Colleague: 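There's a structure below that I have some questions on.
Quick caveat: nothing in here was measured; it's all calculated off a predicted structure. Counting starts at 1 for both ligands and their atoms, in listed order.
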Amino acid sequence: MQNTYRILVGISGGIAAYKIPQLIRLLKKQGAQVKVVLTPNASGLVGEKALQTICGHPVFTDNASFYDMDHIRLSQWADVFLISPATANTIAKIAHGIADNLLTSLALSISESKIMIAPAMNSEMWEKKATNHNLQILKDRGYHILPVANGELACGVCGPGRMLEPQEITDHVFRYMASSSILKGKSVLISSGPTEEPIDPVRVITNKSSGKMGAALARAALYLGAKVTVVSGPASEPLPSAATVVKVQTAQQMNTALKEHFENSDICIMAAAVSDYRPLCFSETKIVREEKQKFTLALIPNPDILANLALNKGKRFLVGFSLESDGSEERAIAKMNRKGCDMIIFNRADQALGLDSTRVVILGCDGFREEVPTIDKNAAAGIILERIAQRCVSR
Ligand code: CTP
């Protein structure tokens, strides 16, 4: 079972409305059901048909259906009402109980604690006392107000007031909804990305890991309410801002950082693609090319981080990844047993490495097996985290 949260997205008339199809896509990728309500001012800024196609439901507007008790049915349906973008005008109306369109009527009929507001406006409006006062009223009443970003605004000015990016809003929504959920109070440690083993000042031994799976796992763990630490090798994939991030370069540095954080963790997931070997000697100066000579690089093995962590596992739940170039699940099971972990995620290099999607088989040391067909890495991470959480809780 994935996150089957029902999210009602309310779009008011800010230019940032054009980003909402992308936001809906991200919410749905996490398994949420999404319905949309548009204010009359937003209708001209984002296409109703596009929204309807992406969310898979009719879009609710003030036309006719407004009088058909939609606000009551929708308010009963929604686990959360996310108003994004929320203009200064809509914020003011909600703060003062004005219900002059479907969106503001919904705001009045849904419990304050279920309403999240992602403001978007120009800096002048954002800094006005009236706006501050209205936001304070909403905060005091238990509405959840998301921050705004600083940056270039539609009016050409730079400053505060920009709506958060869709990914950041998604992170806020799931984290907020997870605050009472299954991994609350648990610490999850995740290793992510490749490692780099320097040969000389300009060359390294590395691999094609993008860090996408590690970032997706971090997000999924945050969504389930966990406190998350990521030890990441050099990868460009952005990690969620709510996670504590420790950056490392080499396998040895990763080993040290993980050992340190392992002590205070309940769950550890080794998603990093650790370099198995490193050069025996590091050349302080750039190695010069010799036209007619063979060049041999001596390598020595790096520590097996996962196997070492397993030696002091205690009650922790330890998960490995097994990236294989062929289809052998037996190799993955043998690896799990050899390294002493509770679960291993089997995937194939050609179906996962550097891609946005993956196909995994979740294997438990107790014989558990679940095949997850090719899906987006965020969705796969959600399923993996739920399986881990279920097994941790039932131990
Ligand atoms: N791993 C590790 N330390 C290493 C190598 C791998 O902790 N030096 C971890 C990986 O993060 C992964 C698991 O061990 O969770 C399996 O990694 P994988 O590369 O599939 O297996 P290897 O142990 O490297 O064995 P092989 O390369 O022979 O398949």
Colleague: Filter the ligand 1-protein atom pairs down to N or O on both sides and distance under 3.5 Å, then list them.
Modeller:
residue	atom	partner	partner atom	Å
ligand 1	3 (N)	I305	N	3.1
ligand 1	7 (O)	I305	N	3.3
ligand 1	7 (O)	L306	N	2.8
ligand 1	8 (N)	P303	O	2.9
ligand 1	11 (O)	A272	O	2.8
ligand 1	14 (O)	K339	NZ	2.9
ligand 1	15 (O)	M270	O	2.8
ligand 1	15 (O)	F321	N	2.9
ligand 1	15 (O)	F321	O	3.3
ligand 1	20 (O)	L323	N	3.4
ligand 1	20 (O)	K335	NZ	2.6
ligand 1	21 (O)	K335	NZ	3.0
ligand 1	23 (O)	K339	NZ	2.5
ligand 1	24 (O)	D276	OD1	3.0
ligand 1	24 (O)	D276	OD2	3.0
ligand 1	27 (O)	D276	OD2	3.2
ligand 1	29 (O)	R331	NH2	2.7
ligand 1	29 (O)	K335	NZ	2.8

Colleague: Donor-acceptor check, side chain of R203 to backbone of I287, threshold 3.5 angstrom: yes or no?
Modeller: yes
Colleague: Is it the case that R391 places NZ or CZ above or below the six-membered ring of F368, under 6.0 angstrom from the centre and within 45 degrees of the axis?
Modeller: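 Output yes; distance and angle both within limits.
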Colleague: Give the table of side-chain donor-acceptor pairs shorter than 3.5 Å for residues 232-251, with sequence neighbours excluded, one pair per line with atom names and distance.
Modeller:
residue	atom	partner	partner atom	Å
Q249	NE2	E196	OE1	3.1
T250	OG1	Q253	N	3.1

Colleague: With sequence neighbours left out, which residue pairs that include part of residues 236-294 fulfil the ring pair (Phe, Tyr, Trp, His ring centres under 6.0 Å) condition?
Modeller: none
Colleague: Could you pull out all residues at least two apart from D276 that satisfy side-chain contact (heavy atoms from CB on, under 4.5 Å)?
Modeller: none
Colleague: Rounded to the nearest 0.5 Å, how far does CG of D79 lie from CD of Q33?
Modeller: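 That separation rounds to 9.0 Å.
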